[in-house]
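The structure appears right after this line, and notes come after that.
These numbers were taken from a predicted model, which means no experiment stands behind them. These numbers come from the heavy atoms of this one structure, side chains and all, not from hydrogens, waters or symmetry mates.
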Amino acid sequence: MSRHLRKRVEEISKEFARKNGVKLRIIANRTLSQAVLSNDMILAEIALIAYCLHKLSLKEHVIKSPKWKAARKQIISNLSAAAFSLKGDDLGAFVKRLDATVTRIEGIDDRLGHFAMNLFEKARVKLASDAYALGLSLSRAAELTGCDKRKLQGYIGITKMHDEEGGTLGIGERLSLLETALGAA
Amino acid sequence: MSGAAKQEIIFDSSTIIAVSNSCIINILGALKKNSGAGFVIPSGVEHETVIRPLSIKKFELNAVRIKRAIESGMFEVDRRGLSGLNERISSLANNAFFAGNNPIELIQLGEIESLALMIKRNAKILAIDERTARLIIENPKGLKSLMERRHGVRLSADWSRLNELREMFSGTTVVRSTELIASAFRRNLFMPELEQSRQGLEAALFAVKFNGCAVTTSEIEHFLADEK
């Protein structure tokens, strides 16, 4: 398992260094799917990092900032150190390095971001919504990604997810069952 | 209300949140009075919808609304322990689908407690706007194919566990906030909260959809087409 985590983080580091935002999004999706199927919160956190790096890479005011170059270098260094720690199967050091990466990304977003809701907060809601789309319940999707369940439910409501999935029993059919049940006490 | 024994509806937090966010919780109150049904929530739902959000400014208003609904008697909070039932339901639902040899943890205490309370109180109606827990008891094959499509992989299922779950909830009527609203509409209970009109109904149904109720636009439109 740790080999798999290492491979993912190396892949993120490599694509981030290449400034390949699209590939980072693909990695985030793939990693989240794997996190859902294996109930793995560390993988979910890695997916979040990939997603946040993808978003940062697309923001012109971020990548044109004089602070970006140093921050980018630090993030790559943290990711490489995280991957390296898994060569010795040191999961504790790996998680610490991931946390340091998250802190670093949050720092950039604090200084250069334009919104009151920070990048990680938004990313947690987005990936929790993806986890729900992948089949998890609202509570489980929120738990896996560290998102607030109410925020998640509100976000899902404004997506087209439920329309794309189609329905089972319609409102009329359920209503008829409800009235029968209420009258049958 | 007939003189028959009181029917109960057990609520998951997703339904209460969708209705309360849509500012139409009083319509639920009117439905409770008119139908004579008991509206019951487990203590975990109270924690999720009231106790925790009361300390979060973004959600405080809704928490205050729901707290008031509980204090006014709209919802009864059942605080009895559910741990044995919770564990049983969790062990069935969260060991039902597999990716390779790995069981997929699909639902969590948030949904499990309402399911457990159904069994504990021998209730027949479950109100849940969330999709996955509903599909597990109603259409597990549909959930499996949805997951396979979304993940792009084949999954395996333990049908004996899924059948046991379906058996546990075999007499259950599952509704969403949309059906509760539709019932209130047909009973002429929208006033004074909302206009008792087709437009009022449409507005209420779409409001809960946009607040996370797992319903499709075409389901709402199909239903509205038959309403005067």
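Side-chain atoms of Ser183(B) and Glu179(A) form a donor-acceptor pair, as typed in the model, at a separation below 3.5 Å. A side-chain donor-acceptor contact under 3.5 Å links Asp163(A) and Thr217(B). Judged by distance alone, the side chains of Arg134(B) and Thr168(A) do bring a donor and an acceptor atom under 3.5 Å apart.
Per-residue heavy-atom pair counts under 4.5 Å with chain A were compared for Arg149(B), Arg52(B), Lys144(B), His222(B), and the maximum is reached by Arg52(B). Each of Gly171(B), Pro103(B), Ala214(B) has some count of heavy-atom pairs under 4.5 Å with chain A, and the biggest count is that of Ala214(B). Each of Ile158(A), Leu136(A), Ile156(A) has some count of heavy-atom pairs under 4.5 Å with chain B, and the biggest count is that of Leu136(A). For chain B, the option among Gly172(A), Ser137(A), Ala131(A) with the highest count of heavy-atom pairs below 4.5 Å is Ser137(A). Listed options Ile107(B), Leu143(B), Leu155(B), Thr49(B) were ranked by heavy-atom pairs under 4.5 angstrom with chain A; first place goes to Ile107(B). Residue with the most contacts toward chain A among Ala182(B), Cys213(B), Pro53(B), Gly152(B): Pro53(B) (heavy-atom pairs, distance under 4.5 Å).
Asn39(A) contributes a side-chain N or O that, together with a main-chain N or O of Glu105(B), makes up a donor-acceptor pair within less than 3.5 Å. Tyr132(A) places no side-chain N or O within donor-acceptor distance of the main-chain N or O of Thr132(B), the cut-off being under 3.5 Å. In this structure a side-chain-to-backbone donor-acceptor pair under 3.5 Å is missing from Glu179(B) to Leu178(A). Side chain of Asn211(B) to backbone of Gly157(A): no donor-acceptor contact under 3.5 angstrom is found.
Between Glu138(B) atom CD and Leu169(A) atom CG the span is 5.5 Å, to the nearest 0.5 Å. Interatomic distance, CG of Leu177(A) versus OG1 of Thr172(B), reported as 11.5 Å (0.5 Å rounding). Taken to the nearest 0.5 Å, the CZ atom of Arg150(B) stands 5.5 Å off from the CD atom of Glu164(A). Here OG1 of Thr180(A) is found 11.0 Å from CD of Gln7(B). Values are rounded to the nearest 0.5 Å. The line from CG of Leu182(A) to NZ of Lys124(B) is 14.0 Å long, rounded to the nearest 0.5 Å. Distance check, rounded to the nearest 0.5 Å: NZ of Lys209(B) to NE2 of His162(A) gives 7.5 Å.
Looking at Glu143(A), only its side chain comes within 4.5 Å of chain B, counting heavy atoms on both sides. The part of Leu146(B) that comes within reach of chain A is its side chain, from C-beta onward, which places non-hydrogen atoms under 4.5 angstrom from that chain. Both the backbone and the side chain of Ile104(B) come within contact range of chain A, each with at least one heavy atom under 4.5 Å from a heavy atom of that chain. With a 4.5 Å cut-off on non-hydrogen atoms, Lys58(B) touches chain A through its side chain but not through its backbone. Only the side chain of Thr173(B) comes within contact range of chain A, with at least one heavy atom under 4.5 Å from a heavy atom of that chain. Contacts between Leu135(B) and chain A at a heavy-atom distance below 4.5 Å involve the side chain alone, from C-beta outward. Residue Glu48(B) touches chain A through both its backbone and its side chain, counting heavy-atom pairs closer than 4.5 Å. Within the 4.5 angstrom heavy-atom criterion, only side-chain atoms of Ile56(B), from C-beta onward, approach chain A. Heavy atoms of Leu109(B) lying under 4.5 Å from chain A are absent altogether. Contacts between Leu106(B) and chain A at a heavy-atom distance below 4.5 Å involve backbone atoms as well as side-chain atoms. Looking at Asn29(A), neither its backbone nor its side chain comes within 4.5 Å of chain B, counting heavy atoms on both sides. Looking at Phe210(B), the atoms closer than 4.5 Å to chain A (heavy atoms on both sides) sit in the backbone and in the side chain alike. Both the backbone and the side chain of Val174(B) come within less than 4.5 Å of a heavy atom of chain A.
Residues Ser139(A) and Gly110(B) come closest through the heavy atom pair OG-CA, 3.5 Å. Between Ala99(B) and Leu37(A), the closest heavy-atom pair is CB-CB, 3.9 Å. The two atoms that bring Ser14(B) and Gln153(A) nearest to each other are O-NE2, 2.8 Å, heavy atoms only. Closest heavy-atom contact between Leu175(A) and Arg186(B): CD2-NH1, 3.4 Å.
Sparse packing is recorded around NZ of Lys55(A), with 12 or fewer heavy atoms of other residues, nucleotides or ligands lying under 6.0 Å away. In Phe84(A), the CZ atom is not crowded: 12 or fewer heavy atoms of neighbouring residues, nucleotides or ligands sit closer than 6.0 Å.
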> For Met147(B) and Leu134(A), what are the C-alpha separation, side-chain angles and deciding distance, and is it a side chain to side chain contact (heavy atoms under 4.5 Å, CB included)?
Replying inline: CA-CA 6 Å; Met147(B) 291 184 72; Leu134(A) 288 165; over 6 Å; no

> What's the verdict on side chain to side chain donor-acceptor pair (under 3.5 Å) for Ser13(B) and Lys149(A), showing C-alpha distance, side-chain angles and the deciding distance?
Replying inline: CA-CA 10 Å; Ser13(B) 65; Lys149(A) 188 176 163 183; 3.0 Å; yes

> Given His151(B) and Ser33(A), is the side chain to side chain donor-acceptor pair (under 3.5 Å) satisfied, shown in steps?
Replying inline: CA-CA 6 Å; His151(B) 287 276; Ser33(A) 167; 2.7 Å; yes

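A salt bridge does not link Glu219(B) with Arg174(A): every distance from a Lys NZ or Arg NE/NH1/NH2 to an Asp or Glu carboxylate oxygen is 4.0 Å or more. Between Arg140(A) and Glu130(B), none of the side-chain N atoms (NZ, or NE/NH1/NH2) sits under 4.0 Å from a carboxylate O, so this pair counts as no salt bridge.
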